[in-house]
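Right, I'll just put the structure down here and ask away after.
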Amino acid sequence: MTAIAFDRGVRHGLSLGWRGILKIRKNPEQLADVTIAPIVFLVMFTYLFGGALAGSTDSYLQMLVPGIMVMNILQASMTAGVQLNTDVSKGVFDRFRAMPIARSAPLIGAVLADIVRYVVCIVVLLVVATIMGFRVQTGPVELLVAAGLTIVFGLCFCWASVFVGMLLKTPQAVQGIMFVLIMPLTFGSNVFVGTSTMPGWLKAWADISPVTLMADALRGLLNGGPIAGPLTGSLVWMVAAVAVFFPLATWAYRKRV
C-alpha cells in the first residue's frame, strides 16, 4: 500500500509539474527574470568592471560567467515560493484538496516545473556569453556536468523559497524577503571579485559561501582548474539546504493548506 501511495504521489507530482510548464508556455513573460536579468548582469558587469578588475573584458568574462550562472539560478529559485504562494492566495489549493491526488503533489509539481526555468536561464546566459567572447576551455562533457550541477544547486536551494512562500501571506512579500536574502549571499562571494581584497570578516564568509564554492567548481569545469575541493564543499551545502529546508517547507505547506 505504501509503495502504491508513493507511486501515485510521484505521478501526481509529475502531472502538476507539467501544469506548471503549460503555464509558462501560455505566459512566456514568466521567463523574463531568467532571460533578461542574466543578460543585464552579464553585459553590465563585463563592460563596466572587466577592464578595471581583470585588465581586459575577455579575461573577466571567463571568470564572471560561471559565477553569474550560480547567481541567476539562485534568483530563479525564488519563483517556486512565489508561485506556490500565488496559487494558495487565489484558492487554487482549495480545488486541489477536493481532488483525489496526493497532498504533496502540488508542492512537488511546483519544484519540478522550475527545472524548465533553470534550463532556459543557463542556455540564454551561455549563448549571450559566447557571443560576447566567452569560450569553454574544457569540453562538452564538462559543460553538461556544469549545467547539471547548476540545476541541482537551484533545486536544492529552492526549498528555502518554498518555505518562505508558505509562511508569508502575499507573493510580493515572498519576493521581497527572498531578494533580501539572496542578494547579500551572491554579492558576498567571489562571483564578481576575488575574496583576497575583502575585509577579514567578509573574506572568512565568502571563502566558504555556497555561491563561492559552486562558482569555483563551475570555473574548474568550464575553464580548467581544481574541481574536487569546491565541488565537495558545494555538495555539502546542497545536502544541508535540503536537510534543513525540505522538512521546514513540508511542515509549512501542511500547516498552510
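Note that the structure is a prediction, hence the values are computed from the model and not measured. Numbers here simply count residues along the sequence, with the first being 1.
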Transitively linked via ILVMFWY side-chain contacts under 4.5 Å: Leu144 with Leu231?
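Each belongs to a different hydrophobic cluster.
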
For a 4.5 angstrom cut-off between non-hydrogen side-chain atoms, does Trp205 reach Leu185?
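Yes; the side chains approach each other to less than 4.5 Å.
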
In this structure, would Phe179 and Leu84 fall into the same cluster of hydrophobic residues linked by side-chain contacts under 4.5 Å?
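Looking at the clustering, Leu84 is in the same group as Phe179.
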
Is Arg219 reaching over with its side chain to a backbone N or O of Gly225, donor-acceptor style, under 3.5 angstrom?
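The answer is no, because no donor-acceptor pair under 3.5 Å joins these two groups.
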
Which atom of Thr138 lies closest to which atom of Gly224, heavy atoms considered
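Nearest heavy atoms, Thr138 then Gly224: CG2-N, 3.7 Å.
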
Considering all heavy atoms of both residues, which atom of Val191 and which atom of Ile68 are nearest to each other, and what is their separation?
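The pair with the smallest heavy-atom distance is CG1-N, 4.0 Å.
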
Heavy-atom side-chain contact between Ile73 and Ile122 under 4.5 Å
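Yes - at least one pair of side-chain heavy atoms lies under 4.5 Å apart.
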
Is there a donor in the side chain of Thr195 and an acceptor in the side chain of Asp207, or the other way round, less than 3.5 Å apart?
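Judged by distance alone, the side chains do pair up.
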
Atom CE of Met69 and atom CD1 of Ile151: how far apart are they, to the nearest 0.5 Å?
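That separation rounds to 8.5 Å.
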
Can you give me the closest heavy-atom contact between Pro38 and Cys121, atom names plus distance?
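Shortest heavy-atom contact: CG-SG, 4.0 Å.
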
Sub-4.5 Å side-chain heavy-atom contact between Asn223 and Pro66:
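Contact flag for Asn223/Pro66 side chains = yes.
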
Sidechain-backbone polar pair: Thr150 side chain, Ala146 backbone, donor-acceptor under 3.5 Å
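Judged by distance alone, yes, a pair lies under 3.5 Å.
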
Test your reading of the model: is there a side-chain donor-acceptor pair from Ser77 to the backbone of Leu74, 3.5 Å cut-off?
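Yes, Ser77 side chain to Leu74 backbone: donor-acceptor pair under 3.5 Å.
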
SG/Cys156 to CG/Leu235 distance, rounded to the nearest 0.5 angstrom?
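Taking SG in Cys156 and CG in Leu235, the distance rounds to 8.5 Å.
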
Any donor and acceptor pair, going by atom type alone, linking the side chain of Gln62 with main-chain N or O of Arg135 inside 3.5 Å?
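Yes, Gln62 side chain to Arg135 backbone: donor-acceptor pair under 3.5 Å.
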
Separation between CG of Leu61 and CG of Leu42, rounded to the nearest 0.5 Å:
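CG of Leu42 is found 6.0 Å from CG of Leu61.
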
Check whether any side-chain heavy atom of Met166 sits under 4.5 Å from a side-chain heavy atom of Trp251, and report yes or no.
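No, every pair of side-chain atoms sits at 4.5 Å or beyond.
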
Consider only side-chain heavy atoms of I, L, V, M, F, W and Y, link residues closer than 4.5 Å, and tell whether Leu125 and Val119 are in one cluster.
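Yes: a chain of side-chain contacts under 4.5 Å links Leu125 to Val119.
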
Residue Phe187 excluded, over 12 heavy atoms near CZ under 6.0 Å:
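Yes, CZ of Phe187 has more than 12 neighbouring heavy atoms, counting only those of other groups under 6.0 Å.
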
Who are the salt bridge (charged side-chain N to carboxylate O under 4.0 Å, His left out) partners of Asp58, not counting sequence neighbours?
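Expected list: none.
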
Ser189 side chain to Thr212 main-chain N or O, any donor-acceptor pair under 3.5 Å?
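Flag not set: sc Ser189 to bb Thr212 has no pair under 3.5 Å.
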
Could you see if Met44 belongs to whatever hydrophobic cluster contains Met132? Use Ile, Leu, Val, Met, Phe, Trp, Tyr and a side-chain cutoff under 4.5 Å.
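Same hydrophobic cluster.
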
Polar side-chain atom of Asn85 near backbone of Leu168 as donor-acceptor pair, under 3.5 Å
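Yes.
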
Would you sort out whether Leu222 and Phe134 count as a side-chain contact (heavy atoms from CB on, under 4.5 Å), showing the intermediate values?
CA-CA 10 Å; Leu222 298 178; Phe134 174 77; 4.2 Å; yes

Can you give me the closest heavy-atom contact between Asn190 and Met63, atom names plus distance?
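Here Asn190 and Met63 meet closest at O-CE, 4.4 Å.
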
Within this structure, what is the CG-OG distance for the pair Asp216 and Ser234, rounded to the nearest 0.5 Å?
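Reported to 0.5 Å precision, the distance equals 8.0 Å.
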
Taking atom CG of Leu181 and atom CE of Met78, what is their separation to the nearest 0.5 Å?
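Atom-to-atom, Leu181:CG and Met78:CE are 10.5 Å apart.
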
Given the rule that I, L, V, M, F, W and Y join up when any side-chain heavy atoms are under 4.5 Å apart, are Val124 and Ile36 in one cluster?
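In one cluster: no.
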
Is it the case that the side chain of Thr79 and the backbone of Ala76 share a donor-acceptor pair, with hydrogens and angles ignored and the cut-off at 3.5 Å?
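Between the backbone of Ala76 and the side chain of Thr79 there is a qualifying donor-acceptor contact (under 3.5 Å).
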
Do you know which two heavy atoms are closest between Pro171 and Thr86, and how far apart they sit?
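In this case the closest contact between Pro171 and Thr86 is CG-OG1, 3.3 Å.
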
Please lay out, stage by stage, how Lys203 and Thr197 fare under the test side-chain contact (heavy atoms from CB on, under 4.5 Å).
CA-CA 8 Å; Lys203 181 180 184 302; Thr197 60; over 6 Å; no

Rounded to the nearest 0.5 Å, how far does CD1 of Ile182 lie from CG of Asn72?
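These two atoms lie 10.5 Å from each other.
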
Counting distance only, does the side-chain N/O of Thr186 pair as donor-acceptor with the main-chain N or O of Met183 below 3.5 Å?
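Yes: the side chain of Thr186 pairs with the backbone of Met183.
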
Quick one: closest heavy-atom pair of Ile208 and Trp237, and the distance?
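Smallest interatomic distance, heavy atoms only, reads O-NE1, 2.8 Å.
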
So if I apply the ring-ring contact (aromatic ring centres under 6.0 Å, His included) rule between Phe192 and each of Phe45, Phe49, Tyr60, which one comes out positive?
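Answer to the ring-ring contact (aromatic ring centres under 6.0 Å, His included) test with Phe192 among Phe45, Phe49, Tyr60: Phe45.
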
Show, in sequence, the C-alpha distance, side-chain angles and deciding distance for Phe157 and Met238, and conclude whether the side-chain contact (heavy atoms from CB on, under 4.5 Å) test is met.
CA-CA 7 Å; Phe157 280 89; Met238 287 189 279; 4.2 Å; yes

Could you walk me through whether Tyr118 and Cys158 pass the side-chain contact (heavy atoms from CB on, under 4.5 Å) check?
CA-CA 11 Å; Tyr118 299 160; Cys158 80; 3.6 Å; yes

Do Val65 and Leu126 have side chains that approach each other closer than 4.5 Å (heavy atoms only, starting at C-beta)?
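SC-SC contact between Val65 and Leu126 confirmed.
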
In the structure I gave you, are the side-chain heavy atoms of Ile131 and Val127 within less than 4.5 Å of one another anywhere?
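In contact.
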
